[in-house]
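Working notes, structure below.
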Amino acid sequence: MTTAASRPTGARGQHDTSHGVRQVIRFYERVDSGDALAMSQLFAPGAVYTRPGYEPFIGPAGLLRFYTELRTIREGGHVLDRIVEQGDDVAVFGEFHGVLHSGAPVDLRFADYFGLGSDGRFVRRDTYFFAPLV
């Protein structure tokens, strides 16, 4: 995974190393490494994850189910172009490059919103994809 916060040269976006930004970077590192259990532990019990095409996933168990049973992606990596933080809200803009379970390549742009709770865990995540739908 490449992040704007960790690129040594030519980085875009902010270079903030606040808790929220570090937590978001941890999230993508764990997803990209395939450590779904550790990733799910970054979320609070009542956290809500919304993603186009799916009903909301609730809490660590819901996220774990998505990443271990339902996700159409076999493997890949995120490139984080920009991370923007305001208070307990963190927005991420980036690209994903990987392979679907079918073997087909997948390359897309995405945006994610993360809301952090008072204990530092995520209470909300919303994913958006740049796709020609309307």
Side-chain angles (χ1 to χ4, degrees):
M1 179 194 61
T2 304
T3 69
S6 66
R7 284 187 193 149
T9 59
R12 293 179 285 170
Q14 75 182 35
H15 295 262
D16 192 346
T17 57
S18 69
H19 172 74
V21 170
R22 287 191 311 273
Q23 190 78 328
V24 163
I25 291 170
R26 269 187 221 102
F27 168 80
Y28 290 107
E29 288 172 343
R30 291 174 181 183
V31 168
D32 290 352
S33 72
D35 193 348
L37 181 59
M39 173 280 303
S40 71
Q41 294 169 351
L42 299 173
F43 288 81
V48 177
Y49 173 38
T50 61
R51 179 182 185 94
Y54 296 90
E55 292 297 317
F57 297 97
I58 308 299
L63 276 104
L64 189 58
R65 179 173 172 261
F66 171 74
Y67 279 94
T68 60
E69 299 175 23
L70 302 174
R71 191 177 191 221
T72 60
I73 296 166
R74 182 173 65 211
E75 62 186 7
H78 293 84
V79 177
L80 307 184
D81 294 324
R82 180 171 295 170
I83 301 172
V84 181
E85 180 180 36
Q86 182 174 3
D88 292 332
D89 300 315
V90 182
V92 178
F93 304 90
E95 301 172 14
F96 178 82
H97 305 283
V99 179
L100 300 176
H101 288 291
S102 69
V106 60
D107 298 287
L108 56 84
R109 291 176 56 213
F110 72 92
D112 267 328
Y113 163 79
F114 292 87
L116 286 127
S118 59
D119 66 355
R121 290 185 291 173
F122 298 123
V123 295
R124 184 160 192 97
R125 177 182 175 215
D126 299 309
T127 296
Y128 304 91
F129 297 109
F130 291 82
L133 298 177
V134 294

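Because the structure is a prediction, the values reported are computed rather than measured.
- Below 30°, between 30° and 60°, or above 60°: for Phe114 and Phe27 the angle between ring planes is above 60°, a perpendicular geometry.
- Every residue two or more places apart in sequence or in another chain that forms a side-chain hydrogen bond (donor to acceptor under 3.5 Å, both in side chains) with His97 is listed here: Glu95, Asp107.
- Linking Ile, Leu, Val, Met, Phe, Trp and Tyr residues whenever their side-chain heavy atoms come within less than 4.5 Å places Val106 and Phe129 in a single cluster.
- In this structure, the separation between OG1 on Thr50 and CG on Asp126 is 3.5 Å, given to the nearest 0.5 Å.
- Nearest heavy-atom pair, Ile83 versus Leu80, reported as atom, atom and distance to 0.1 Å: CD1-CD1, 4.2 Å.
- Scanning both residues, Pro45 and Pro60, for their nearest heavy atoms gives CA-CD, 3.7 Å.
- The two residues Phe130 and Ala111 make their nearest non-hydrogen contact at CE1-N, 4.2 Å.
- Hydrophobic clustering (ILVMFWY, side-chain heavy atoms < 4.5 Å, transitive): Leu108 and Val31 are in one cluster.
- Every residue meeting the side-chain contact (heavy atoms from CB on, under 4.5 Å) condition with Val123, not counting sequence neighbours, appears here in chain and number order: Ala44.
- Rounded to the nearest 0.5 angstrom, Glu85 CD and Gln23 CD are separated by 11.0 Å.
- The list of side-chain hydrogen bond (donor to acceptor under 3.5 Å, both in side chains) pairs with a residue in residues 109-120, not counting sequence neighbours, reads Tyr28-Asp112, Asp89-Tyr113, Asp112-Arg125, Asp112-Thr127, Asp119-Arg121.
- Every residue was checked against the side-chain hydrogen bond (donor to acceptor under 3.5 Å, both in side chains) condition with Gln41, not counting sequence neighbours, and none meets it.
- A donor-acceptor distance shorter than 3.5 angstrom exists from the side chain of Arg30 to the backbone of Ala38, with no hydrogens or angles considered.
- Through side-chain heavy atoms spaced under 4.5 Å, either directly or across other Ile, Leu, Val, Met, Phe, Trp or Tyr residues, Ile58 is tied to Val48.
- When all heavy atoms of Gly20 and Leu116 are compared, the closest pair comes out as CA-CD1, 3.7 Å.
- Ring planes of Phe43 and Phe122: tilted class, angle from 30 to 60°.
- Here the shortest heavy-atom pairing between Phe110 and Val79 reads CE2-O, 4.4 Å.
- Taking the six-membered ring for Trp, Phe66 and Phe57 have ring centres closer than 6.0 Å.
- The two residues Ala36 and Thr68 have their closest heavy-atom pair at CB-CG2, 3.8 Å.
- In terms of hydrophobic clustering, with Ile, Leu, Val, Met, Phe, Trp and Tyr side chains grouped at heavy-atom distances under 4.5 Å, Phe96 and Leu100 are assigned to a common cluster.
- Side-chain heavy atoms closer than 4.5 Å link hydrophobic residues (I, L, V, M, F, W, Y) into clusters, and following such links, possibly through other members, connects Tyr67 to Tyr54.
- For Glu69, the salt bridge (charged side-chain N to carboxylate O under 4.0 Å, His left out) partners at least two apart in sequence or on another chain are Arg65.
- The closest side-chain heavy-atom distance from Arg51 to Leu70 is not below 4.5 Å.
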